There are 2 protein chains.
Amino acid sequence: MPAARPEPFANGLNPFICFAVYSANLAFSRVYKPFLDALGLTYPQYLALVSLWAEDDQTVGQLGEKLFLESNTLTPLLKRLEALGHIERNRDPADERQVRVRLTAKGKALREQARCVPEGILEASGMKLDALHELSSQITALRERLLAADAKKPR
Amino acid sequence: MPAARPEPFANGLNPFICFAVYSANLAFSRVYKPFLDALGLTYPQYLALVSLWAEDDQTVGQLGEKLFLESNTLTPLLKRLEALGHIERNRDPADERQVRVRLTAKGKALREQARCVPEGILEASGMKLDALHELSSQITALRERLLAADAKKPR
DNA sequence: ATCATATATATCGCACGCGATTAAATCGTG
DNA sequence: CACGATTTAATCGCGTGCGATATATATGAT
C-alpha cells in the first residue's frame, strides 16, 4: 500500500501491494488457462488436485486448511471434481461428520498429464527458478502475517 | 512453481508461486474486510474507487485497463457503485459507444472516510513501508511478464 | 451516401469465495 | 446415560471474473 501521507490515493492503484497481488493473481489464472483447458480443469480445481496429488485421502477440513478455503467453497468444487471422475467423496466411518476425499484412477492419471504444466508457467514467468522461490517465500511470509493479523480481530 | 523435476507435485502447494499469490490475495481480502464493511464496499469496488479517486471521469475501458478487467466484470460492479450513489455513468456525447464514469459528491466524500485504511493494512502486513514497496514492485514486474507471455498466445 | 468492419459496452451463464445458516455426528459434563 | 455444547459439512444468496455473444455507435473504403 502507499505511504500513509496526507493524500493516500493520489497515485492510484500502483502503490498498493494488495493490488499488485490482486492483479498478479488474475495474471496467473490467465496464463494457466490454456494449460488447464487442455486438462478440463479450472484454476481452483487444479490447486485442489495438486494438494491431493501430494497427499491423498484428505478430509474437506484438511484440504481447506491447505487451500485457505472453507466448506462453503470447497464442497461445490469437490462435487464438480467428483462429477468429472477425478475424486471420490465418502463419509469417514470412524467419524461420520468428516468426508474423506480420495483420488480415483482417473484423478491419479491426470497427474501425469499435468506433469509438464509447471515448466510452462516457469517459462511464462520469465524468471529463474531461484528468484521465483525467493519471491514466493516472501509472498508466503506476507500472507502469514496478514492472516495472523486477521486472526487477532474479534469475531 | 516447483522445480521441473520428475515429481513436480510431491511437495504440494507450497512450492508454487501461483499459490503464494492466490492465497496472499485471499488473505488481503480478509484483512480488508472489516475496513471495507465500515465503508459499505466490497474489495473490487474499493479498488475501482481508488482508481477513480486518483483520476475522475474515466471510461469503462480506461478503468478496465487499470484494473485488468473487462466490461463483463466492470459493468455490473459499476452499476452497484452507482446504485450506492458513489458514481454516475453517462454515455459520452462525443462518442456514444463510451460510458464515462464520474464520482458523485458522496463518492468523493468516501475518499476522506477511506483515508485511514492504508495505514491499517500497513500495520496488518507487519512490514516496513520500504520493504513493502520493494516486494510490491517485484510482484508487479512478475505480473507484467506473465501478461506479456499471455499476450503472445494465439487468440 | 452505403455498407462492411471495427470498437465500446452490455448481457448471460457458470465457477468461485464467503457470510450466514442448517443438519448431523461427536464430545463433555453431570 | 442424558443433554447441551462443539465440530464438520452442506446449503443458500450475493458479488465477482470471465468466455461467449449481442447491441449500438463509429470508421473506412468505394
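Nothing here was measured: the structure is a model prediction, and the numbers come from that model. Just so we're on the same page: letters track the sequence lines, and every chain starts at 1.
Note on B:Glu70: nothing from the nucleic acid sits closer than 4.0 angstrom, heavy atoms only. Residue contacts for A:Leu74: at a heavy-atom cut-off of 4.0 Å it reaches no nucleic acid atom on any strand shown. A:Gln98 comes within contact range of the sugar-phosphate backbone alone, with a heavy-atom separation under 4.0 Å but no base atom that close. Residue A:Thr73 is in base contact, counting any heavy-atom pair closer than 4.0 Å across all strands shown. Among the heavy atoms of the strands lying under 4.0 Å from B:Asp95 are primed sugar atoms or P, OP1, OP2 only; no base atom is included. Within 4.0 Å of B:Arg89, counting heavy atoms only, lie sugar-phosphate atoms of the nucleic acid but no base atom. Counting any heavy atom pair closer than 4.0 Å across all strands shown, B:Arg80 reaches a base atom.
For DNA chain D, the contact window with chain B, defined by any atom under 4.0 Å from a protein heavy atom, covers D:dG15 to D:dA26 in 5' to 3' order.
For A:Tyr46, the ring pair (Phe, Tyr, Trp, His ring centres under 6.0 Å) test picks out A:Tyr32, with sequence neighbours left out. The salt bridge (Lys or Arg N to Asp or Glu O under 4.0 Å) search around A:Glu70 returns none, not counting sequence neighbours. Scored by the salt bridge (Lys or Arg N to Asp or Glu O under 4.0 Å) test, B:Lys106 finds no partners at all (sequence neighbours excluded). In this view, A:Asp130 satisfies the salt bridge (Lys or Arg N to Asp or Glu O under 4.0 Å) rule with no residue, not counting sequence neighbours.
Between A:Lys33 and A:Ser71, the residue anchored closer to the 5' end of DNA chain D is A:Ser71, taking for each the nucleotide with the nearest heavy atom.
Put simply, B:Tyr22 has a side-chain N or O that comes within less than 4.0 Å of OP1 or OP2 on C:dG17. Applying the 4.0 Å criterion to OP1 and OP2 of C:dC16, one finds that A:Thr42 has a side-chain N or O inside that range.
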Side-chain atoms of residues 75-83 of chain B: list all donor-acceptor pairs with protein atoms under 3.5 Å, sequence neighbours left out, distances to 0.1 Å.
unit_1: B:Thr75; atom_1: OG1; unit_2: B:Ser71; atom_2: O; d: 3.0
unit_1: B:Glu82; atom_1: OE1; unit_2: B:Arg89; atom_2: NH1; d: 3.0
unit_1: B:Glu82; atom_1: OE2; unit_2: B:Arg89; atom_2: N; d: 3.3

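Taking every heavy atom of both residues into account, B:Phe9 and A:Ala114 meet most closely at CZ-O, 3.4 Å.
Distance from the side chain of B:Lys79 is smallest for C:dT11 among the nucleotides C:dC16, C:dC18, C:dT11.
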